[in-house]
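Okay, structure first, notes after.
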2 protein chains.
Amino acid sequence: MPHGHASEALTKNQALVMGALSEATGPLSAYTILDQLRDDGLRAPLQVYRALDKLVEFGLVHRLESLNAFVACRQPGCDSHERTAFMICDDCGSVIEITDKALARRLKSLAQDASFALKKSTIELRGLCAACTPM
Amino acid sequence: MPHGHASEALTKNQALVMGALSEATGPLSAYTILDQLRDDGLRAPLQVYRALDKLVEFGLVHRLESLNAFVACRQPGCDSHERTAFMICDDCGSVIEITDKALARRLKSLAQDASFALKKSTIELRGLCAACTPM
DNA sequence: TTGCACACGTTATACCGTTACACAATCGTG
DNA sequence: CACGATTGTGTAACGGTATAACGTGTGCAA
Ligand SMILES: [Zn+2]
Ligand SMILES: [Zn+2]
Ligand SMILES: [Zn+2]
Ligand SMILES: [Zn+2]
């Protein structure tokens, strides 16, 4: 059972999906991945979704809720995948992944104030990346 | 053109959709809304989606990305709809809406550090609400 | 009057994700 | 080894989410 970012012992389908996401420069939808992997033998959405579920579980891939898409984790020390924040460029689609202690603390504190048992944070910031911002 | 939370001058379809969301205790999907409003003459998804787009634009409704659903804004002074955070109970589906200055500041600061021109924040916390948390 | 903006209605289609069922490989245990 | 349990796989069918591409009617301003 793989752990952390060492992509050891992935199954064939998991490795295929992981490969597609790793080579991509931005997020991919499940169906885009499927199209890219048809020549490798994948034929049905479920094959992709099953692999994605595992990859997310292993911490190798993030799901971007506001995009209905998936992106390979690029952050070497990204341990706490439950509190990662993303900046998504609405123009070029690039994704910046960040984990910020202060942000996590504040969210935890807000949850406590509301007696809310926090399990997972979805934080997705939309806007324009540095390259796409007009001067 | 309506502004703020005074629901003035909504069109017929907008008023119908707003009514459904206001009476609901939690988030509703577009298709659930459609089903509820069939007797009122709504027949196609697009009619609901068009109304929802406007209601979100007016600041009367929030879209919850992680749920693919919509919820009426319950916060009287909810001005900055672009930085509202939500706590969503995975058990009962209830939604707590919060706007926190410190949180907004931290996000703004993180964006600035990355030269990211922040337009909209999606912050959705998943977990268990107070009522659903076992002792 | 003419053009424009906007709400509306309908059909069809695209995109996202799951259920249900069947089969094969693997693994720990008696 | 044999057995059951678990996990991965493959396929078909389906259901849920969202938009495209039409066309209609109304109000208003140039
Ligand atoms: Zn990561
Ligand atoms: Zn960009
Ligand atoms: Zn609000
Ligand atoms: Zn609850």
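Lettering of chains follows the sequences in order, A, B, ..., and the numbering in each one begins at 1.
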note: Leu16(B), atom CG; dC8(C), atom C1'; distance rounded to Å ~ 13 Å
How many Å lie between CG on Leu37(B) and P on dG9(C), as a whole number?
-> 12 Å
So do the side chains of Leu67(A) and Ser29(A) get within less than 4.5 Å of each other, counting heavy atoms only?
-> no
Please tell me which of the listed nucleotides, dT11(C), dG10(D), dG9(C), lies nearest to the side chain of Ala44(B)?
-> dT11(C)
For Arg63(B) and dT19(D), what is the distance between atoms CZ and C1' respectively, to the nearest whole Å?
-> 12 Å
What pairs of donor and acceptor atoms, side-chain ones from residues 41-49 of chain B against any protein atom, are under 3.5 angstrom apart with sequence neighbours left out?
{"from": "Gln47(B)", "atom 1": "OE1", "to": "Arg43(B)", "atom 2": "N", "distance (Å)": "2.7"}
{"from": "Gln47(B)", "atom 1": "OE1", "to": "Ala44(B)", "atom 2": "N", "distance (Å)": "2.9"}

Contact summary for Ala24(A) and Arg74(A), nearest pair of heavy atoms = O-NH2, 2.7 Å
Just how far, in rounded Å, is P of dA12(C) from CZ of Arg43(B)?
-> 14 Å
Send over the distance from Met18(B) CE to dA7(C) P, rounded to a whole Å.
-> 17 Å
Give, ordered by number, those residues of residues 27-35 of chain B having at least one heavy-atom distance below 4.0 Å to an atom of DNA chain D; if nothing qualifies, reply none.
-> Ser29(B), Tyr31(B)
Gap between atoms CG and C1', on Leu67(A) and dA18(D) respectively (whole Å) = 14 Å
Within the side chain of Ser22(A), is there an N or O that forms a donor-acceptor pair under 3.5 Å with the backbone of Met18(A)?
-> yes
According to a strict under-4.0 Å criterion, is Thr11(B) in side-chain N/O contact with OP1 or OP2 of dC8(C)?
-> yes
Interatomic distance, Leu46(A) CG vs dT19(C) P [rounded to whole Å] | 10 Å
Salt bridge or not for Glu65(A) and Arg63(A), using N-O below 4.0 Å?
-> yes
May I ask you to decide if Cys73(B)'s main-chain N or O and Glu97(B)'s side chain share a donor-acceptor pair within less than 3.5 Å?
-> no
Hey, does the side chain of Glu57(B) reach the backbone of Lys54(B) with a donor-acceptor pair shorter than 3.5 angstrom?
-> no
Could you check how far CG of Asn68(B) sits from C1' of dT18(C), rounded to whole Å?
-> 14 Å
Under 6.0 Å from the CG atom of Asp113(B), do we count more than 12 heavy atoms belonging to anything else shown?
-> yes
Ring centres under 6.0 angstrom apart (Phe86(B), His62(B)) | yes
Considering only heavy side-chain atoms of Lys12(B), the closest of dA18(D), dT19(C), dC8(C) is dC8(C)
Per the under-4.0 Å heavy-atom filter, residues of residues 47-56 of chain B near DNA chain C come out as Gln47(B), Arg50(B), Lys54(B)
